[in-house]
Chemist: 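Below you'll find the structure I mean.
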Amino acid sequence: MTPEPLYPEERRRPGRFWLITIAAVLTLAATVSLGRWQLSRAAQKEALQADIDAQKQKPALTQAEFLALEKPSDALHRPVRLRGLWLPTQSVYLDNRQMHGVPGFYVLTPFALEGSEQAVMVQRGWVQRNFVDRTKLGEVETPAGIVEVTGLIEPPPGHLLELGTPAPAAAASAPAAGASAPAAEGVSSIRQNLDLEAFRAETKLPLRTDVSLQQTGPASEGLQRDWPAPALGLERHYGYAFQWFGLSALVVILYVWFQFITPFRRSRRRARDGRF
């Protein structure tokens, strides 16, 4: 008669071994696949960044070339040189924008293009906020008459998460010298976000809503223009890939330890104690 094993789990080990092996293989396949997917996403973002850099190096479009574009979105991030008139009474201050870690406003002003019935929204630059009175607008100079503006063709201004409603115009103090008045009665020039479609309907301007212009050049007119690079999230994808591959390595280590090393050490210990 075959004696009963001293350790009952020995009878279950073959089935448990294959169950754990299948689970480990499936987990390993999933984590490696997710890590590879994150690397592929990072490669796509790197290619996109290379395209953006290449666009910025192209010669600046003339105003005629800009107006003739069938799909301005195909020329995103490319330099352009435009002539026209500023419309400072319709300026907008986008709140909670930072430059070099300092909170402030992005100043946006419509620009009526010379020789056409079109206007484009120009992201003119950044001005620091007043830390005593957040509704007090800094002084921004706006040249009168026909001027030339150089910048990059960019998408409409990005949106931040809105936690409240914009401050009413009555709550804002009068703009400092050179600052703009509210775009319309009952609407503040300080806003959290700007939707160009809604702004066009609000102001009745012939405003283009497919693109905007991000003005480039040194600081001037009371504005800084050290625009941050587009946040493509490359570091995030590489970080996620590292986590998934690290989890894969952990699965392998735990599998080898508990499926091979631990049983081997247990059998050595039993042999030493005279238990077979």
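Heavy-atom basis, side chains included; hydrogens, waters and symmetry copies ignored.
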Chemist: Are I22 and I20 grouped together when hydrophobic residues (ILVMFWY) are joined by side-chain heavy atoms under 4.5 angstrom apart?
Modeler: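 Each belongs to a different hydrophobic cluster.
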Chemist: With no hydrogens and no angle check, is any side-chain donor or acceptor of S91 less than 3.5 Å from a backbone partner on P88?
Modeler: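 Such a contact is found between S91 side chain and P88 backbone.
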Chemist: Please lay out, stage by stage, how W37 and Y240 fare under the test ring pair (Phe, Tyr, Trp, His ring centres under 6.0 Å).
Modeler: CA-CA 10 Å; W37 179 76; Y240 287 155; 9.1 Å; no
Chemist: Do L76 and P155 have side chains that approach each other closer than 4.5 Å (heavy atoms only, starting at C-beta)?
Modeler: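 Side-chain contact under 4.5 Å: yes.
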Chemist: Pick one: which of V122, L108, L223, T150 meets side-chain contact (heavy atoms from CB on, under 4.5 Å) with Q215?
Modeler: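 Exactly one pass, corresponding to V122.
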Chemist: To the nearest 0.5 Å, what is the distance between CD on Q90 and CE on M121?
Modeler: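 Separation between the atoms: 8.5 Å.
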Chemist: Residues two or more places apart in sequence or in another chain: which of them pass side chain to side chain donor-acceptor pair (under 3.5 Å) with D195?
Modeler: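 In terms of side chain to side chain donor-acceptor pair (under 3.5 Å), with neighbours along the sequence ignored, D195 is linked to no residue.
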Chemist: Which value, rounded to the nearest 0.5 Å, describes the distance between M99 atom CE and Q128 atom CD?
Modeler: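 Nearest 0.5 Å value for the CE-CD distance: 11.5 Å.
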Chemist: Suppose we screen for side chain to side chain donor-acceptor pair (under 3.5 Å). Which residues come up paired with R83, at least two apart in sequence or across chains?
Modeler: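 If we apply the side chain to side chain donor-acceptor pair (under 3.5 Å) test to R83, skipping adjacent residues, the hits are E114.
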Chemist: Just wondering, are more than 12 heavy atoms of other shown residues or ligands nearer than 6.0 Å to CH2 in W86?
Modeler: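 Yes.
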Chemist: Does the pair F105 and N96 meet the rule for a side-chain contact (heavy atoms from CB on, under 4.5 Å), with working shown?
Modeler: CA-CA 6 Å; F105 302 96; N96 294 324; over 6 Å; no
Chemist: Rounded to the nearest 0.5 Å, what separates atom CG in L113 from atom CD in Q118?
Modeler: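 The distance works out to 6.5 Å.
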Chemist: Can R41 and Q38 be counted as having a side-chain donor-acceptor contact under 3.5 angstrom?
Modeler: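 Short answer, no.
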Chemist: Could you walk me through whether W257 and R265 satisfy the side-chain contact (heavy atoms from CB on, under 4.5 Å) test, starting with their C-alpha distance in whole Å, then the side-chain angles of each, then the deciding distance to 0.1 Å, before giving a yes or no?
Modeler: CA-CA 10 Å; W257 178 265; R265 295 177 65 187; 3.3 Å; yes
Chemist: Stepwise, does the side-chain contact (heavy atoms from CB on, under 4.5 Å) test hold for R225 with T216?
Modeler: CA-CA 6 Å; R225 299 189 180 93; T216 55; 5.8 Å; no
Chemist: Distance from W126 atom CH2 to Q98 atom CD, nearest 0.5 Å?
Modeler: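 Rounded to the nearest 0.5 Å, the CH2-CD separation comes to 9.0 Å.
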Chemist: Using the salt bridge (Lys or Arg N to Asp or Glu O under 4.0 Å) criterion, which residues pair with R36? Sequence neighbours excluded.
Modeler: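 Residues passing salt bridge (Lys or Arg N to Asp or Glu O under 4.0 Å) with R36: none at all.
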Chemist: I want to check something: taking the side chain as every heavy atom from C-beta on, are F199 and P110 in contact at a cut-off of under 4.5 Å?
Modeler: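 SC-SC contact between F199 and P110 confirmed.
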Chemist: Within a 6.0 Å radius of atom CD on E148, are there more than 12 heavy atoms belonging to other residues, nucleotides or ligands?
Modeler: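 Enclosed.
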Chemist: With heavy-atom distances below 4.5 Å as the criterion, would you say the side chains of L69 and D74 are in contact?
Modeler: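 Not touching, per the 4.5 Å side-chain cut-off.
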Chemist: Under 4.0 Å between a side-chain nitrogen and a carboxylate oxygen: does that hold for R191 and E202?
Modeler: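 Here R191 pairs with E202 in a salt bridge, since their nearest N and O are under 4.0 Å apart.
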Chemist: Under the side-chain contact (heavy atoms from CB on, under 4.5 Å) test against F111, which residue among L85, L213, L207, V147 passes?
Modeler: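 Single side-chain contact (heavy atoms from CB on, under 4.5 Å) partner of F111 among L85, L213, L207, V147: V147.
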Chemist: Can a donor-acceptor pair be found, under 3.5 Å and without considering hydrogens, that links the side chain of S189 to the backbone of V92?
Modeler: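 Judged by distance alone, no pair lies under 3.5 Å.
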Chemist: With no hydrogens and no angle check, just 3.5 Å: does a side-chain donor-acceptor pair link Q49 and D53?
Modeler: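 D53 and Q49 do have a side-chain donor-acceptor pair below 3.5 Å.
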Chemist: Look only at the side chain of T109 and the backbone of L87, and say whether a donor-acceptor pair between them is shorter than 3.5 Å.
Modeler: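 No; judged by distance alone, with no hydrogens or angles, the pair does not exist.
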Chemist: Does any non-hydrogen side-chain atom of F131 lie less than 4.5 Å from one of P103?
Modeler: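 Yes, their side chains come closer than 4.5 Å.
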Chemist: Roughly how far apart are L250 CG and Q243 CD, rounded to 0.5 Å?
Modeler: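 Output value for this atom pair is 13.0 Å.
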Chemist: Going by atom types alone, do T142 and R124 pair a side-chain donor with an acceptor below 3.5 Å?
Modeler: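 R124 and T142 do have a side-chain donor-acceptor pair below 3.5 Å.
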Chemist: Between CH2 of W227 and CZ of R97, what distance do you get to the nearest 0.5 Å?
Modeler: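 W227 CH2 to R97 CZ: 10.0 Å, rounded to 0.5 Å.
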Chemist: Considering all heavy atoms of both residues, which atom of K56 and which atom of P79 are nearest to each other, and what is their separation?
Modeler: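 Here K56 and P79 meet closest at O-CG, 3.5 Å.
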Chemist: Any sub-3.5 Å donor-acceptor pair from R78's side-chain atoms to E154's backbone N or O?
Modeler: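 No: the side chain of R78 does not pair with the backbone of E154.
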Chemist: To check you understand the geometry: which heavy-atom pair defines the closest contact between I153 and A75, and what is its length?
Modeler: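 Closest approach of I153 to A75, heavy atoms only: CB-O, 3.7 Å.
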Chemist: Just do the side-chain contact (heavy atoms from CB on, under 4.5 Å) check on Y255 and L28 with the steps written out, would you?
Modeler: CA-CA 10 Å; Y255 177 79; L28 190 62; over 6 Å; no
